[in-house]
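A short write-up of the structure that comes next.
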Amino acid sequence: MARTPRPARTPRSARTPRTPTARSPKGGGSGGSCAPGPSFESNVLRLPGGRRARDRLLVVCGAKATEKDYLLGLVDHVANPAVTVRIRTKSCAPEQLITYAAGERDRIGDDFDQVWCVFDVDHFEVTCAVDRARRMGIRVAVSNPCFELWLILHFSGHTAPVRTYRELLPYLKRHVPAYEKARLDFRDFEHGWPEAGRRARRLATEGREHVTNPSTGVWALVSRIATEERRTR
């Protein structure tokens, strides 16, 4: 007897793409004026029995918009099937950021494979924060003096010491004239992040970015998000 043909599957290109989902913070965190921002997480793929098919990263950014917008754009652009990323924002000093990230990790338990904090040297003394993060098993992506250095490296090298965001901004605007810190468009940077990583690695020894100007450790986090190799459990 002839089998009834199966209905045609919707072509992959025609399916609705997945987008990161904004989630409200679930309480917790340190007190004071260092209030957490919203949470953003890429889709979590789970296997039968509750096992995760992806490694999960918790990334806590020390600014409201710039780093978060870049990382959300990167996650969507690389569409790495081996990694899912939850991004939290919390405008505060680096040491407070480390404390908050550690609290989130402890509150959630073993749900994250890696915890990262992203912050700038800017006007802070960050050595204590970096040392504390290492003791607590938290990875840091520090930019010295600020995240805009990482963005500049998408287009050209930069080795001259700089003290502030205002000093770096003219260099970035040569390549992205319409750049606004609060309205970063990842499409301006989507083709340059691999070369930015190579340039950043030449500026400082990994883990010494906080004492090397100019330098940025964002390349290590970007590499972790983009790679498809999952760590051995």
Side-chain angles (χ1 to χ4, degrees), residues 40-42 54-63 66-90 94-95 97-98 100-102 104-105 112-122 124 126-159 168 184 186 189-232:
F40 301 86
E41 184 171 8
S42 52
R54 299 180 178 182
D55 277 354
R56 292 187 67 192
L57 311 182
L58 171 64
V59 181
V60 183
C61 301
T66 313
E67 292 89 339
K68 178 259 296 181
D69 290 344
Y70 179 93
L71 293 172
L72 285 175
L74 176 72
V75 168
D76 184 60
H77 176 68
V78 300
N80 184 357
V83 177
T84 187
V85 184
R86 177 182 292 185
I87 300 173
R88 299 293 296 269
T89 61
K90 190 172 181 70
E95 284 198 71
L97 197 70
I98 302 301
Y100 173 72
E104 284 295 281
R105 178 188 59 190
F112 294 107
D113 299 288
Q114 290 184 356
V115 179
W116 288 78
C117 284
V118 183
F119 56 90
D120 297 341
V121 170
D122 199 13
F124 296 106
V126 303
T127 299
C128 290
V130 172
D131 290 344
R132 186 179 185 190
R134 288 171 179 163
R135 292 194 302 269
M136 302 180 80
I138 294 173
R139 303 186 181 218
V140 296
V142 183
S143 294
N144 191 351
C146 61
F147 187 78
E148 278 69 23
L149 173 66
W150 168 250
L151 300 180
I152 289 170
L153 296 179
H154 286 62
F155 307 99
S156 65
H158 186 96
T159 58
L168 271 179
L184 182 145
F186 184 77
F189 307 97
E190 64 183 0
H191 300 299
W193 61 267
E195 185 59 36
R198 288 186 283 270
R199 289 169 176 146
R201 284 192 289 268
R202 292 195 291 266
L203 290 176
T205 301
E206 184 176 1
R208 299 289 294 170
E209 293 87 2
H210 63 293
V211 293
T212 307
N213 182 305
S215 67
T216 175
V218 174
W219 67 267
L221 173 58
V222 168
S223 177
R224 183 65 191 85
I225 291 173
T227 183
E228 293 191 10
E229 294 181 5
R230 299 183 72 235
R231 71 174 180 84
T232 303

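The figures that follow rest on heavy atoms only: side chains count, while hydrogens, waters and symmetry mates do not.
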Q.
Distance check, rounded to the nearest 0.5 Å: D113 atom CG versus R56 atom CZ?
A. 9.0 Å

Q. Going by heavy atoms in the side chains, are V85 and L71 under 4.5 Å from each other?
A. no

Q) Among all residues two or more places apart in sequence or in another chain, which pass the side-chain hydrogen bond (donor to acceptor under 3.5 Å, both in side chains) test with E67? A) none

**Q.** Pairs satisfying side-chain hydrogen bond (donor to acceptor under 3.5 Å, both in side chains), at least one member in residues 189-204, at least two apart
**A.** E195-R198

Q: Not counting sequence neighbours, which residues clear side chain to side chain contact (heavy atoms under 4.5 Å, CB included) with A196? List them please.
A: W150, L153, H154

Q. Who passes side chain to side chain contact (heavy atoms under 4.5 Å, CB included) against S223, sequence neighbours left out?
A. none

Q.
Please enumerate all residues that pass side-chain hydrogen bond (donor to acceptor under 3.5 Å, both in side chains) together with R132, with sequence neighbours excluded.
A. T99

Q: Would you indicate whether the side-chain heavy atoms of F112 and E104 approach each other to under 4.5 Å?
A: no

Show me the side-chain donor-acceptor pairs of residues 136-147 shorter than 3.5 Å, one per line, residues at least two apart or across chains.
| unit_1 | atom_1 | unit_2 | atom_2 | d |
| --- | --- | --- | --- | --- |
| S143 | OG | T216 | OG1 | 2.8 |
| N144 | OD1 | N213 | ND2 | 3.2 |
| N144 | ND2 | E209 | O | 3.4 |
| N144 | ND2 | H210 | O | 3.4 |
| N144 | ND2 | T212 | O | 3.1 |

Q) What closest approach, in Å, do L203 and S215 show between heavy atoms, and which atom pair accounts for it? A) CD1-CA, 4.1 Å

Q. Who passes salt bridge (charged side-chain N to carboxylate O under 4.0 Å, His left out) against R134, sequence neighbours left out?
A. D131

Q. If you measure from CZ on F119 to CD on E95, what distance do you get to the nearest 0.5 Å?
A. 9.5 Å

Q: Please report the closest heavy-atom contact between V115 and A101, naming both atoms and the distance.
A: CG1-CB, 4.0 Å

Q) For P214, which residues count as a side chain to side chain contact (heavy atoms under 4.5 Å, CB included) partner, sequence neighbours excluded? A) L149, H158, V162

**Q.** Inter-residue atom distance L58.CG - Q114.CD, 0.5 Å rounding
**A.** 11.0 Å

Q. Short question: side chain of D55, backbone of V83 - any donor-acceptor pair under 3.5 Å?
A. no

Q. Roughly how far apart are L97 CG and F124 CZ, rounded to 0.5 Å?
A. 9.5 Å

Q | salt bridge (Lys or Arg N to Asp or Glu O under 4.0 Å) contacts in which one or both residues fall within residues 150-159, not counting sequence neighbours | A | none

Q. Roughly how far apart are I225 CD1 and N80 CG, rounded to 0.5 Å?
A. 9.0 Å

Q: Hey, could you give me the CG/CG distance between L151 and L168, rounded to the nearest 0.5 Å?
A: 9.5 Å

